[in-house]
> 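I'd like to ask some things about the structure below.
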Amino acid sequence: MGRFHRHDDGTVHSHDHDEHGHHHDHDHGHAHPHDHDHNHEFGDHSGYESGRQRIEILEDIFAENDHRAADNRALFSTHNVVAVNLMSGPGAGKTTLLEHTVKAFEKELGVGIVEGDIETALDSERLTGHGAQISLLNTGQGFGGECHLDAPMVAHALKGLDLSTLDLVLIENVGNLVCPAEFQVGEHKKAMIATTTEGEDKPVKYPVMFASADLVILNKIDLLPYVPFDREKFYEHVRQVNPDVEVIEVSAHTGEGVEQWLDWLRQTVKTVREQEHS
């Protein structure tokens with residue numbers, strides 16, 4: 001189907017390109033009436049009576065999702081837990097960065113991971129054994145193979161964590177530079193990873209993702225001598241879509257700069273808790 005995103009006023013804007021199909025089979029009442037046939041080549045969306053109907057359906061979906069996200073947020077607040085939604089494209093290094101994180105915080109903070117992926121337990125297995133609680137959510141198993149996590153999915157995954165023992169929940173979203181930015185899941189902050197190997201143009205090619213982020217992490221800086229990446233242009237593009245966002249540079253492979261990420265998480269936990277108790 002076509003892509004949609006919401007503006008700050010809550011309206012839904014339609015893009016008539018076929019980025020992914022939304023077909024939710026999961027059991028949380030998140031109705032995606034997209035069982036119609038798709039003619040991807042010619043953009044035929046005959047399952048809808050009109051473009052207005054499509055927009056109304058998407059508005060209902062987003063409204064339902066936001067309601068469930070508020071429930072997740074309330075659950076985090078009840079347990080004094082801070083949640084961060086970590087997003088990126090595939091292969092950007094989310095899991096490697098999380099490996100550093102759970103090892104560093106093993107004796108410092110109670111950490112829970114919601115591990116979102118379409119299939120396999122490979123990433124959750126990498127994060128196991130360092131004191132963090134891991135709740136795996138494969139969207140390909142009962143959740144329609146979705147290319148993002150939504151609030152009801154996260155609510156389902158949170159049942160696998162003992163929130164009463166945690167300080168921080170890190171939600172590793174499905175690798176995708178479009179859809180995850182559009183769905184609130186109850187997080188306090190959004191962080192997203194860009195990489196030197198993806199090129200400096202990604203902020204302007206995927207502006208919704210970069211505009212939604214509270215933190216942008218530029219990963220794979222160890223490859224700067226070997227890839228054609230214009231760092232100055234990257235920062236220019238980031239500022240174009242999100243003028244005030246904080247950017248840190250890391251190599252999840254070598255560990256360079258990872259302490260900046262850890263410090264950001266520490267400060268986020270401290271700040272959110274202070275705000276919620278003020």
Side-chain angles (χ1 to χ4, degrees), residues 72 76 81-139 147-149 153-154 156-158 160-163 165-177 180-181 185-198 209 212-223 246-269 272:
N72 290 347
F76 291 134
V81 171
V82 177
V84 174
N85 187 358
L86 183 61
M87 306 173 293
S88 78
K94 294 189 302 298
T95 307
T96 304
L97 187 63
L98 289 179
E99 284 184 286
H100 287 285
T101 305
V102 296
K103 291 174 183 177
F105 286 160
E106 185 170 1
K107 297 181 180 179
E108 180 180 345
L109 293 174
V111 177
I113 307 286
V114 171
E115 178 56 51
D117 220 332
I118 295 177
E119 293 289 353
T120 82
L122 295 175
D123 289 349
S124 62
E125 289 169 358
R126 287 171 58 185
L127 298 172
T128 300
H130 301 286
Q133 297 181 36
I134 314 294
S135 183
L136 173 64
L137 195 151
N138 284 143
T139 69
C147 57
H148 65 274
L149 299 182
M153 291 183 202
V154 170
H156 177 80
L158 291 177
L161 301 176
D162 182 0
L163 295 178
T165 66
L166 300 180
D167 301 292
L168 175 66
V169 169
L170 296 166
I171 301 163
E172 182 175 357
N173 220 306
V174 179
N176 186 312
L177 280 175
V185 296
E187 70 275 57
H188 295 91
K189 296 287 185 180
K190 288 184 172 75
M192 66 89 50
I193 302 176
T195 70
T196 59
T197 55
E198 292 172 310
M209 172 65 78
S212 73
D214 299 291
L215 175 72
V216 172
I217 304 162
L218 178 60
N219 189 23
K220 305 189 181 181
I221 59 171
D222 54 305
L223 297 180
E246 182 178 355
V247 182
I248 62 175
E249 298 185 2
V250 309
S251 167
H253 176 65
T254 68
E256 181 182 356
V258 169
E259 193 62 33
Q260 295 179 77
W261 157 247
L262 300 176
D263 285 342
W264 184 84
L265 288 174
R266 293 183 182 104
Q267 186 60 47
T268 295
V269 170
V272 169

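Fair warning: this is a prediction, and the values are worked out from it, not measured in the lab.
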> Do Phe105 and Leu265 touch side chain to side chain, with heavy atoms closer than 4.5 Å?
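Phe105 vs Leu265: side chains touch.
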> Just how far is it from atom CD of Glu198 to atom CG of Leu218, taken to the nearest 0.5 Å?
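It is 9.5 Å, given to the nearest 0.5 Å.
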> Taking NZ, NE, NH1 and NH2 as the nitrogens, is one of them in Glu115 or Lys94 under 4.0 Å from a carboxylate oxygen of the other?
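Between Lys94 and Glu115 there is no salt bridge, as every charged N stays at least 4.0 Å from the carboxylate O atoms.
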> If I take atom CD1 from residue Ile217 and atom CD from residue Glu246, how far apart are they, to the nearest 0.5 angstrom?
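With rounding to 0.5 Å, CD1 (Ile217) is 9.5 Å from CD (Glu246).
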> Which heavy atom of Ala121 sits nearest to which heavy atom of Leu136, and what is that distance?
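Minimum heavy-atom separation between Ala121 and Leu136: CB-CD2, 3.6 Å.
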> Okay, side chain of Asp214, backbone of Lys190: is any donor-acceptor separation there less than 3.5 Å?
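Between the backbone of Lys190 and the side chain of Asp214 there is a qualifying donor-acceptor contact (under 3.5 Å).
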> Is there a side-chain contact between Glu187 and Phe76 (heavy atoms, below 4.5 Å)?
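Not touching, per the 4.5 Å side-chain cut-off.
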> Given Thr195 and Leu223, is the side-chain contact (heavy atoms from CB on, under 4.5 Å) satisfied, shown in steps?
CA-CA 9 Å; Thr195 70; Leu223 297 180; over 6 Å; no
> Counting only heavy atoms not in Glu256, do more than 12 fall under 6.0 Å of its CD?
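For Glu256, atom CD is not crowded (no more than 12 foreign heavy atoms under 6.0 Å).
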> For residues Gly93 and Asn219, report the shortest heavy-atom separation together with the two atoms involved.
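Of all heavy-atom pairs spanning Gly93 and Asn219, the closest is CA-ND2, 3.8 Å.
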> Under the 3.5 angstrom rule, does the side chain of Ser135 hit a backbone N or O of Ala157 as a donor-acceptor pair?
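Yes, because the side chain of Ser135 sits within donor-acceptor range (under 3.5 Å) of the backbone of Ala157.
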> State which residue, out of Val111, Leu86, Leu127, fulfils the side-chain contact (heavy atoms from CB on, under 4.5 Å) condition with Leu170.
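Answer after filtering Val111, Leu86, Leu127: Val111.
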> Determine whether a donor-acceptor pair (N or O, by modelled atom type, separation under 3.5 Å) exists between the side chain of His148 and the backbone of Asn176.
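Such a contact is absent between His148 side chain and Asn176 backbone.
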> Compare every heavy atom of Val174 with every heavy atom of Pro180, then report the nearest pair and how far apart it is.
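Of all heavy-atom pairs spanning Pro180 and Val174, the closest is CG-O, 3.7 Å.
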> Provide the closest heavy-atom pair for Glu108 versus Arg266 in the form atom of the first, atom of the second, distance.
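Taking Glu108 first and Arg266 second, the nearest heavy atoms are OE2-NE, 2.7 Å.
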> Find out whether Asp162 and Gln133 are in side-chain contact, i.e. whether some heavy atom of one side chain is under 4.5 Å from a heavy atom of the other.
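Touching, per the 4.5 Å side-chain cut-off.
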> Quick check: do Leu149 and Val114 have side-chain heavy atoms less than 4.5 Å from each other?
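Side-chain contact under 4.5 Å: yes.
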> Sort out for me which residue in Val250, Ile193, Thr197 forms a side-chain contact (heavy atoms from CB on, under 4.5 Å) with Lys220.
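Result for side-chain contact (heavy atoms from CB on, under 4.5 Å) with Lys220: Thr197.
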> As a quick check of understanding, evaluate side-chain contact (heavy atoms from CB on, under 4.5 Å) for Thr95 and Glu172, giving each step before the final call.
CA-CA 8 Å; Thr95 307; Glu172 182 175 357; 2.6 Å; yes
> Are Leu177 and Met192 packed together at the side-chain level, in the sense that at least one heavy-atom pair is separated by less than 4.5 angstrom?
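They are in side-chain contact.
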> What's the spacing between His130 NE2 and Lys103 NZ if we round to 0.5 Å?
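Result: 4.5 Å between the selected atoms.
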> Using every non-hydrogen atom in the two residues, find where Ile113 and Ala132 come nearest and quote the distance to one decimal.
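Heavy atoms only, the tightest pair is CG1-CB, 4.4 Å.
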> Below 4.5 Å, heavy atoms only, C-beta onward: do Lys189 and Leu215 meet side chain to side chain?
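Sidechains of Leu215 and Lys189: no contact.
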> How many angstroms lie between atom CG of Asn173 and atom CG of Leu137, to the nearest 0.5 angstrom?
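Between Asn173 CG and Leu137 CG, I get 10.0 Å after rounding to 0.5 Å.
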> Could you tell me whether a side-chain N or O of Asp167 sits under 3.5 Å from a main-chain N or O of Leu109, the two making a donor and an acceptor?
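No, the answer is negative, given that no donor and acceptor are paired below the 3.5 Å cut-off.
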> How close do Gly175 and Pro90 get, counting heavy atoms only, and between which atoms?
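Looks like O-CG, 3.5 Å.
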> Heavy atoms, side chains only, cut-off 4.5 Å: are His100 and Trp261 in contact?
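No, every pair of side-chain atoms sits at 4.5 Å or beyond.
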